[in-house]
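Each chain gets a letter, A, B and so on, in the order the sequences are listed, and its residues count up from 1.
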2 protein chains.
Amino acid sequence: MPNSENNGRKSPRRVTLADVAREVGASTITVSRALRRPEMVSEGLRQRISAAVADLGYLPDPAARALASRRSDVIGVIIPSVTNSVFADVLSGLYDTVGGTPYNVQLGNTRYRPEIEEQLIRIFLSQRPAGLIVAGIDQTDSSRRLLESADCPVVQIMELASDPVDMLVGFSHRAAARAATEHLLDRGYTAPTFLGARMDPRSERRLQGFRDALDAVGMSTEGRELTTTEPSSVHLGGALLDRHRARAPGTDAVFCNNDDLALGAAFAAQRAGLKVGRDIGICGFNDLEVMAAAHPSITSVRTFRRQMGETAALRVLDHLGGKETGPRVVDLSYKLIPRSSTDRGA
Amino acid sequence: MPNSENNGRKSPRRVTLADVAREVGASTITVSRALRRPEMVSEGLRQRISAAVADLGYLPDPAARALASRRSDVIGVIIPSVTNSVFADVLSGLYDTVGGTPYNVQLGNTRYRPEIEEQLIRIFLSQRPAGLIVAGIDQTDSSRRLLESADCPVVQIMELASDPVDMLVGFSHRAAARAATEHLLDRGYTAPTFLGARMDPRSERRLQGFRDALDAVGMSTEGRELTTTEPSSVHLGGALLDRHRARAPGTDAVFCNNDDLALGAAFAAQRAGLKVGRDIGICGFNDLEVMAAAHPSITSVRTFRRQMGETAALRVLDHLGGKETGPRVVDLSYKLIPRSSTDRGA
DNA sequence: ATGCATATTGACAGCGCTGTCATACGTCAA
DNA sequence: TTGACGTATGACAGCGCTGTCAATATGCAT
């Protein structure tokens with residue numbers, strides 16, 4: 001550790017509530033109140049306490065606080081991946097909203113494994129969290145029971161459902177995917193295929209939306225789905241497109257599980273000498289920033305990921321603040337953004 | 001909260017060490033030891049304790065533990081951005097390495113603001129963290145003093161320096177950028193420009209490396225740098241290239257601050273009818289996955305971000321485990337990956 | 001048998017804070 | 001004047017765990 005050279009010198013004793021209390025000639029409990037419920041302490045005392053706090057550099061010990069109050073300042077967040085930029089955006093919204101409050105975000109990473117999710121829920125609950133935010137609605141039965149018995153606000157995010165554990169902020173992946181597929185059909189593509197990787201529950205619902213759209217026009221989905229459990233990547237998008245075109249040369253459009261795949265498909269199409277848009281329609285999902293900047297620009301379904309994080313955090317904070325106003329379920333919807341990659345005339 | 005319907009029923013009392021102790025007929029301290037230092041407890045007792053723990057579903061209370069031991073299980077991580085995929089990769093390595101240990105990662109997001117970084121350091125220190133990992137070496141003076149006085153292992157990451165606070169895991173941005181620029185010159189480009197956005201301290205060092213390379217061959221950097229403080233994006237990469245080409249039509253290569261800019265530059269070049277590689281050389285930085293998959297593929301400098309997170313976490317864990325073996329400074333280096341975007345003959 | 005090191009267990013206090021209940025002191029209507 | 005009431009403050013215990021020191025048992029050389 002940094003100061004291991006001066007081992008003899010012990011680290012300075014921490015400044016406690018008692019020190020502040022002594023400084024202003026009040027009791028510790030009064031100082032504690034001045035910090036947490038200022039309105040309960042008289043004007044003059046409160047000011048002297050603030051001064052002493054600043055002066056001594058007092059910082060509350062979260063562990064002691066948690067132990068005494070049986071409530072920690074931790075808002076636990078459980079997501080399946082830290083690298084996936086979709087979750088990165090959600091996190092960004094979360095951190096921005098929780099930053100500046102007395103609460104702290106603590107992240108749990110399930111790596112798409114339900115048993116790890118369950119373990120993380122247990123661990124978080126053992127910390128008596130202020131709130132819990134979990135991605136998805138496909139928890140195991142016992143995870144769900146744990147969440148239901150939690151005595152803190154719980155927000156599920158990313159998806160829509162009629163039976164949330166507590167609160168829910170998300171959108172319908174199925175409807176979004178259906179809209180994207182209908183867009184391909186509207187634009188005159190006659191043989192669309194679903195390209196998917198990783199295939200978590202959300203991806204499965206998108207696939208379902210794709211099927212919905214084909215069903216609605218009486219089109220068979222036979223041979224129009226190519227999915228893999230491999231993690232998604234740009235490279236994989238290209239590989240899937242190549243593989244599918246080899247088997248089904250008639251394919252004139254692909255709806256991709258996510259934008260990485262779509263981008264990869266676009267590169268692969270260009271590499272194969274196809275003109276994206278005219279020869280093959282490509283639609284992604286999420287509308288990452290790169291989709292608009294790409295050449296040609298790539299159609300995608302915009303999702304409001306950052307706002308999802310913000311809203312989820314706000315729902316928790318509102319609950320903690322006693323304002324239980326908002327709705328239990330928030331549908332953030334989605335928005336199709338048509339671009340050159342699905343423009344046959346382009 | 002989930003169970004607010006059954007308000008009358010109080011949440012089940014938590015299982016404590018005392019419960020386990022009672023169950024096996026031992027004292028709490030012995031149970032505590034069986035959990036933390038199993039070798040100090042006799043075989044038989046230890047097994048009965050494990051059984052009781054599993055049976056009762058005992059989980060230690062981290063707050064009580066932290067309060068009593070004056071040491072929390074938190075490894076604090078301070079980074080400037082959650083969305084930047086560079087840090088996402090580092091984080092992924094961190095989480096993977098810390099997951100499975102009794103420690104917890106807690107993330108602080110400075111949003112590139114030194115005063116927030118300082119505040120975060122203070123807050124983390126007030127938690128008596130098990131360890132601290134901070135991005136960069138450009139802390140304010142008082143931040144640095146705080147870190148130096150911390151009585152936990154501290155690892156600075158992302159960069160190299162001769163005077164780390166404690167430990168350091170990173171690589172030389174300057175050397176990496178110089179190598180990239182030299183590659184452009186080697187490949188026969190005669191008028192390279194540095195394109196940069198955000199320009200944090202690391203980017204400044206990359207710019208310095210660019211200058212080093214030009215200096216070494218007696219080339220002026222005059223008019224060969226276009227930077228902005230705007231946050232980086234793919235779109236911005238294209239905009240910067242367009243802007244620069246309008247002013248300096250002779251430019252035949254760009255070294256971009258990061259891969260997003262490089263990708264955007266590539267798109268913009270194609271849009272302008274240039275053949276990437278032949279008409280304009282493009283080199284990025286970090287070697288994100290998309291660079292290899294792009295069409296044409298884009299040259300970049302590979303950095304070992306995930307490994308940086310893993311190594312930093314390992315250094316902290318080793319320290320905590322008492323093994324103070326490894327070196328204080330780890331240079332993960334970098335690797336230039338030449339691709340089509342800097343191939344004039346392609 | 002004696003003394004001493006080692007292994008195993010426990011008693012006790014206290015980490016720094018907050019929940020709860022008690023106290024002191026006005027204020028004001030009756 | 002009295003007492004009910006609201007406001008401001010404090011005393012006290014205890015949250016669930018661990019550091020420290022003490023106690024006891026065991027083994028072994030003397």
Extract, from 5' to 3' on DNA chain C, the first and final nucleotides lying under 4.0 angstrom from some heavy atom of chain B.
C/dT8 to C/dG16

Looking across every strand, which nucleic acid part, if any, lies under 4.0 Å from [X] by heavy atom: base, sugar-phosphate, or nothing?
| X | value |
| --- | --- |
| B/R33 | base |
| B/R128 | sugar-phosphate |
| A/A26 | sugar-phosphate |

Nearest non-hydrogen partners of B/D89 and A/T83, listed with the distance
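Closest approach of B/D89 to A/T83, heavy atoms only: OD1-CG2, 3.4 Å.
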
Give a yes or no on whether a salt bridge exists between [X] and [Y], defined as a side-chain N under 4.0 angstrom from a carboxylate O.
| X | Y | result |
| --- | --- | --- |
| A/D151 | A/R71 | yes |
| B/D166 | B/R328 | yes |
| B/R202 | B/D138 | no |

Nucleotide D/dT9, atom P - distance to CD of A/E43 in whole Å:
11 Å

Distance in angstrom units between A/E39 CD and D/dT9 C1', rounded:
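Computing the A/E39:CD to D/dT9:C1' distance gives 15 Å.
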
Checking B/E118 against B/Q139: is there a side-chain donor and acceptor pair closer than 3.5 Å?
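No pair is found: no donor N or O on one side chain lies under 3.5 Å from an acceptor on the other.
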
Return the 5'-most residue of the pair B/S42, A/L59 with respect to DNA chain C, ranking by each residue's nearest nucleotide.
B/S42

Which comes earlier along DNA chain C counting from the 5' end, the contact point of B/S69 or that of B/L45, where each point is its nearest nucleotide?
B/L45

A/T30 side chain N/O closer than 4.0 Å to the phosphate oxygens (OP1, OP2) of D/dG10?
yes

I would like to know whether B/E148 and B/R145 meet salt bridge (Lys or Arg N to Asp or Glu O under 4.0 Å); could you show each step before the answer?
CA-CA 5 Å; B/E148 279 167 351; B/R145 270 194 300 277; over 6 Å; no

Judged by nearest nucleotide, the residue sitting upstream toward the 5' end of DNA chain D, A/T28 or A/M40, is A/M40

